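For reference, the structure discussed in these notes is given below.
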Amino acid sequence: MFRVLIVEDEGLGQPAVDGILKLSPETQYVRAGSLREARRLLEAGRYDLVVADESRLRRVIDSIFTVVGLFSLGGVVIDVNEAPLTASTLRRDQVVGHRFVDMPWFAHSATERVRIADAIERAGMGQAVRIETWIRAVRDGRLMCMDAAFAPLRDQNNVITHVIASAIDITSRKEAEIELAASRTRLAEAQRVAHIGSWEWNIADNRVSWSDELFNIYGIDRGSFVASYEGFLSRVYPDDVEHTTAVIRQAVEDVTPFIYDHRVVRPDGSIRMLHTRGEVMPDGNGKAGRLIGSCWDVTERYEATDRLEHTISTLTATLEATADGILVGDRGGRVAALNKRFLALWRLPSDIGPGADIRALADRVSEQLVDPDDFISRVGELYGAMELERRDIIRFKDGRVYERYSTPQRLPSGSICGRVCSFRDVTQRERLLESVEARRAEAETARREYETILERVSDGFTAMDRSGRYTYVNDGAARMVGRNAADLVGKHVWTEFPEGREHPLGVAITRAFEEQRPIQLRELYQPWKRWFDMRIYPSPEGVSIFFTDVTKQVEAQDELRASNDQLRALAARLDAIREEERGVIAREIHDQIGQALTALKLDVAWLRSHLGGGAGGGATSAVDERAQAMDTLVDQTIETARRLSSMLRPAILDDIGLAAAITWQAHDFQQRTGVACELDLPPDGPAVPPATGLSLFRIVQEALTNVTRHAHATHVHIGLSVDPENAVLTVADDGRGVTAEELERPTSLGIIGIRERALAVGGDVTFAGMAGRGTTLTVRVPRAASAAP
Amino acid sequence: MTRILLVDDSAEVRRSMRAMLAELLESVTFGEAPDAAAALDALTREAWDLVLLDLSLPDRSGFETLRHIRRLRPGVPVLVMSFNVQAEYAAATRAAGAVGYIAKGSSSDAIASAVRSALATPLQK
């Protein structure tokens, strides 16, 4: 193909052009409508001949890089354009008029000179000759490769008059080609290393050739491969045959490159996924002549891709399924991903997606917030320092509250590739918190005060959770258990005090929690030999325990009790001695004074009876008067002695018994006070030891004294009954009723006396008072003599 | 002759009682015992028409002595004396077998009347 550029404007007439057009039937003509276009075309493509008006042509060809020369048929240079002169710094006269092959460009090689001479000669004979030739640059001696064309130039009569030549520098291309050849070699090596195979299929003769590496990929050797299209298809995984044939058929029809993946089955049964890039090389008719391509094993990549796709779909689903708004930003502060909820919560349109500027979005939505400036500055901060991790609260003007959790997005390598923000609607929670907060603050103040109090009291206070872990230990508690409060909190009570678990105190703690009822107890904690008062208050969350070391108190109480017992014994002994003395005195009165008075009474009577006998004088009358006065005085003295004796120790108690003594006492009482006495006594009196009988009698006396002094009663009922073990005395009145306060009053000596007397003979006493309904005293004493406590 | 045994630890009482009764009663003789043992001895050895028994004796309780005498000599009435005036004594001594009870310090007439009444009380011999 001979390419001619025709620069056609008003300077070159149509006939001339037509003449040129007849040059050769195999010539391709390209027209340029202006010099500018001509130059552009010359720069862009290769032309064997440029036809134009000479002056214009000159300007064109002088201004292009293509070397253009006009030679005589003998090879002498007739004209050249500026390009070779500029490049070589040769003057025009050093070139024009000289044989072309003698130019310095060919000085280095005789061979090149012959080839050039030959080309000019052949062009002179009417042939279009094209050769690549190596010339030496005049300026720097560098070898350059030129693509040179030589063509005959004919006159109007079609006679060859000159040879015209053009050449362009293809050194770079040539060097690239050399490099290409080298790289082909390297390619084969690379294929082997990279497991890329290549193949070629000549459609016409259905011949398939594979590179060595491709055999490796298919896992077969050359000998076992039927080198045809069908032979290839037989290796394709059955399910992929249809797709493979369709792709290739389409490529052949369209004569277009193709890329597709298909699986193959290796002889060992393993299946590999291959990635194929192919090209269709047309034959002379533009139809597909052969297919060439490369092919590599992408099984691993496929599997990885499969996994990746699965992961991505999972992530996407998760992203949308989550209740939180999600925004993923890249390092540049642009959206990498977001979900619909994010858009919804910020009232953003759905067309915002990856690539959007996050700071701009922040500006846009900030007006919805209570504090827009703060929000914008915080977004700036987050994207200014990618490693920040933040959790903060975002408040909307419409009342919504969101919690933003922002964390760097890290690659497995640890490097930060962006930032993930999640936005959670915490409006309900915040409202709840706000209402709770106020109460909490109050409660906190109260708690602090309470704790201060707890810390001040010397009592121990600890709180435990359900599992028995200390949640609070005050200083008093820590001091008492000899531990540091801070060390105990969070620890389990039974790991800290294992010896306490089976102890009644420990058992009580467990039981109080299990039964959800408060327990109060006082126990000796043997491991420490200390007494503790413990009050345990359970709640479903755990237990609160107050405890006090009462060792000193218990010891003091023990001492007090011992001392009281001694005192009581002493009092009882004193009472017994007093009773004994009273008994002795009463008997003395009875036996000595009583007997003397008895005799005296009888003697006075005798005297009186003997004085009266007949004398009747004044003196006798005076003696009788005196004797009568004596008799009266004796009677009064007897009465006094009887009263004294009874008061000291009523003989009736010893002579007859308790029932008789009570009966007498009751009658006496009724007579003295007018309060009706009703008795319910066993006829023979209970058989009780004398000390017990005396105590009961004294109690009756004391009770009756109380009735007269305090009760304002009109009736008293005294009952005495026995059961196999006890004698039970009751004294009930219908008075105002003794009060609890009176019973406890330390000045109620009557009541204390009753108690002490009963206690001294091993009995006990109860007083039951009902306001306006009277008082009932019940004394229960053992019938057998009891040892004084 | 009516024989009365006076049982009282006080010699003065026995003397004054005997003197008083001797004048108020006719043909009466007296025996005396200062304690329970002597009284029971006298009752064992001799016959008596009445025992005047004081409840307060130095060696035994009066009630005990009374019951003993009643067992020993069921036909001899026993009139009990005591310094105590409570009605319960009368009931209690009667229950124990006495024919009567008289408080010491009573008038001579009251005593004599009680003695006469006691002597008149028929007893199953």
Side-chain angles (χ1 to χ4, degrees), chain A residues 586-610 613 628 631-646 649-668 671 679 681 683-685 690, chain B residues 6-24 34-35 52-67 80-96 98 101-115:
Chain A
R587 253 191 321 277
E588 284 291 309
I589 292 169
H590 208 271
D591 292 349
Q592 303 302 320
I593 300 173
Q595 298 290 60
L597 286 169
T598 301
L600 202 57
K601 168 87 180 168
L602 292 173
D603 286 348
V604 168
W606 184 88
L607 272 176
R608 283 184 71 191
S609 68
H610 284 84
Q628 198 178 335
D631 193 28
T632 307
L633 186 61
V634 168
D635 281 345
Q636 286 173 353
T637 308
I638 286 171
E639 197 47 50
T640 303
R642 282 184 180 135
R643 205 178 63 244
L644 273 172
S645 175
S646 283
R649 173 72 169 257
I652 189 171
L653 183 63
D654 299 314
D655 291 342
I656 310 177
L658 180 59
I662 291 172
T663 307
W664 159 68
Q665 190 69 50
H667 287 159
D668 181 60
Q671 282 188 337
L679 299 173
L681 308 171
D684 297 327
Chain B
L6 285 172
V7 185
D8 197 306
D9 64 330
S10 166
E12 287 301 310
V13 170
R14 292 196 305 268
R15 179 197 55 76
S16 60
M17 190 71 77
R18 200 172 59 190
M20 183 269 289
L21 287 175
E23 290 199 3
L24 292 180
D35 53 29
L52 259 177
L53 176 67
D54 181 25
L55 272 186
S56 302
L57 295 175
D59 56 345
R60 293 177 77 173
S61 109
F63 277 92
E64 206 178 314
T65 309
L66 169 61
R67 288 190 202 95
V80 175
M81 296 184 299
S82 153
F83 196 59
N84 303 292
V85 291
Q86 290 98 328
E88 286 74 18
Y89 274 85
T93 50
R94 274 185 195 283
Y101 177 84
I102 185 80
K104 284 180 175 176
S106 300
S107 69
S108 301
D109 293 341
I111 294 169
S113 151
V115 168

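Just so it is clear, the model here is predicted, and its values are computed rather than measured. By convention in this document, chain letters (A, B, ...) are assigned in the order of the sequence lines, proteins followed by strands, and residues within each chain are numbered from 1.
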Taking all non-hydrogen atoms of both residues, which atom of [X] and which atom of [Y] are closest, and how far apart?
| X | Y | answer |
| --- | --- | --- |
| B/Glu23 | A/Trp606 | OE2-NE1, 2.6 Å |
| B/Phe83 | A/Arg642 | O-NE, 2.7 Å |
| A/Ile652 | B/Glu88 | CD1-CB, 3.6 Å |
| A/Ala599 | B/Ser16 | CA-OG, 3.3 Å |

Check whether any side-chain heavy atom of [X] sits under 4.5 Å from a side-chain heavy atom of [Y], and report yes or no.
| X | Y | answer |
| --- | --- | --- |
| A/Leu602 | B/Ile111 | yes |
| A/His590 | B/Asn84 | yes |
| A/Gln595 | B/Ser56 | no |

Open item on the list: Taking every non-hydrogen pair under 4.5 Å, which of A/Ala651, A/Ala661, A/Ala605 racks up the most with chain B?
Closed with: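 Max contact count across the listed options: A/Ala651.
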Task: Which of A/Asp668, A/Val604, A/Ile638, A/Leu600 touches chain B most, by non-hydrogen pairs under 4.5 Å - done: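 Of the options given, most contacts go to A/Ile638.
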Select one option (side chain, backbone, both, neither) describing which atoms of [X] are under 4.5 Å from chain A's heavy atoms.
| X | answer |
| --- | --- |
| B/Gln86 | side chain |
| B/Met17 | both |
| B/Asp54 | side chain |
| B/Arg15 | side chain |

Task: By side chain to side chain contact (heavy atoms under 4.5 Å, CB included) - contacts of B/Arg60 (at least two apart) - done: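 Checked B/Arg60 against side chain to side chain contact (heavy atoms under 4.5 Å, CB included); matches are B/Ala36, B/Leu40, B/Glu64, B/Thr65, B/His68.
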- [ ] Under the side chain to side chain contact (heavy atoms under 4.5 Å, CB included) rule, collect the residues that match up with A/Gln671, sequence neighbours excluded.
- [x]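 Checked A/Gln671 against side chain to side chain contact (heavy atoms under 4.5 Å, CB included); zero matches.
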Relative to chain B, which segment of [X] carries a heavy atom at a distance below 4.5 Å: side chain, backbone, both, or neither?
| X | answer |
| --- | --- |
| A/Asp591 | side chain |
| A/Asp631 | neither |
| A/Ser645 | neither |

Open item on the list: Between B/Gly105, B/Ser10, B/Ser106, who has the most heavy-atom pairs with chain A when the cutoff is under 4.5 Å?
Closed with: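 The option with the most such pairs is B/Gly105.
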- [ ] Supply the atom-to-atom distance B/Thr93 OG1 to A/Ile656 CD1, rounded to the nearest 0.5 angstrom.
- [x]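 B/Thr93 atom OG1 to A/Ile656 atom CD1 measures 7.5 Å (nearest 0.5 Å).
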